[in-house]
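Heads up: the structure comes next, in structure tokens.
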Amino acid sequence: MEKFREKLKNAKQDMTWLPEAKARQENHAWLRLSFAIGVSVLSALRERKMTQKDLAEDLNCSSLPQIS
């Protein structure tokens, strides 16, 4: 057990995830709103049996990236 604790104490910690996690936490409200808008748009498209490509053509703009 002592060897394990020694190895754990000397282990290098990976903190590369921390800035991204902080940004997500700070933008939580906007991320939720963005998600809700995306779900609403996809629901409306499905009700109308439309694809994102159909919507882009109706709006006379380039095709949007597909969301699965």
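These values consider heavy atoms only, across backbone and side chains, with no hydrogens, waters or symmetry-generated copies. By convention here, the first residue in the shown sequence is residue 1. Bear in mind the structure is a predicted one, so any value in this text is a computation, not a measurement.
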Which atom pair, heavy atoms only, marks the closest approach of Gln52 to Leu45?
-> CG-CD1, 3.9 Å
Who passes side-chain contact (heavy atoms from CB on, under 4.5 Å) against Ala29, sequence neighbours left out?
-> none
Share the residues that join Val39 in a hydrophobic cluster, the rule being Ile, Leu, Val, Met, Phe, Trp or Tyr side chains under 4.5 Å apart at the heavy-atom level.
-> Phe35
Side chains of Met50 and Asp58: closer than 4.5 Å at any heavy-atom pair?
-> yes
Rounded to the nearest 0.5 Å, what separation is found between the [atom1] atom of [X] and the [atom2] atom of [Y]?
{"X": "Asn27", "Y": "Leu33", "atom1": "CG", "atom2": "CG", "result": "12.0 Å"}
{"X": "Glu57", "Y": "Thr51", "atom1": "CD", "atom2": "OG1", "result": "7.0 Å"}
{"X": "Asp54", "Y": "Leu59", "atom1": "CG", "atom2": "CG", "result": "11.0 Å"}

Does the distance from a Lys or Arg side-chain N to an Asp or Glu carboxylate O, for Lys22 and Glu26, drop under 4.0 Å?
-> no
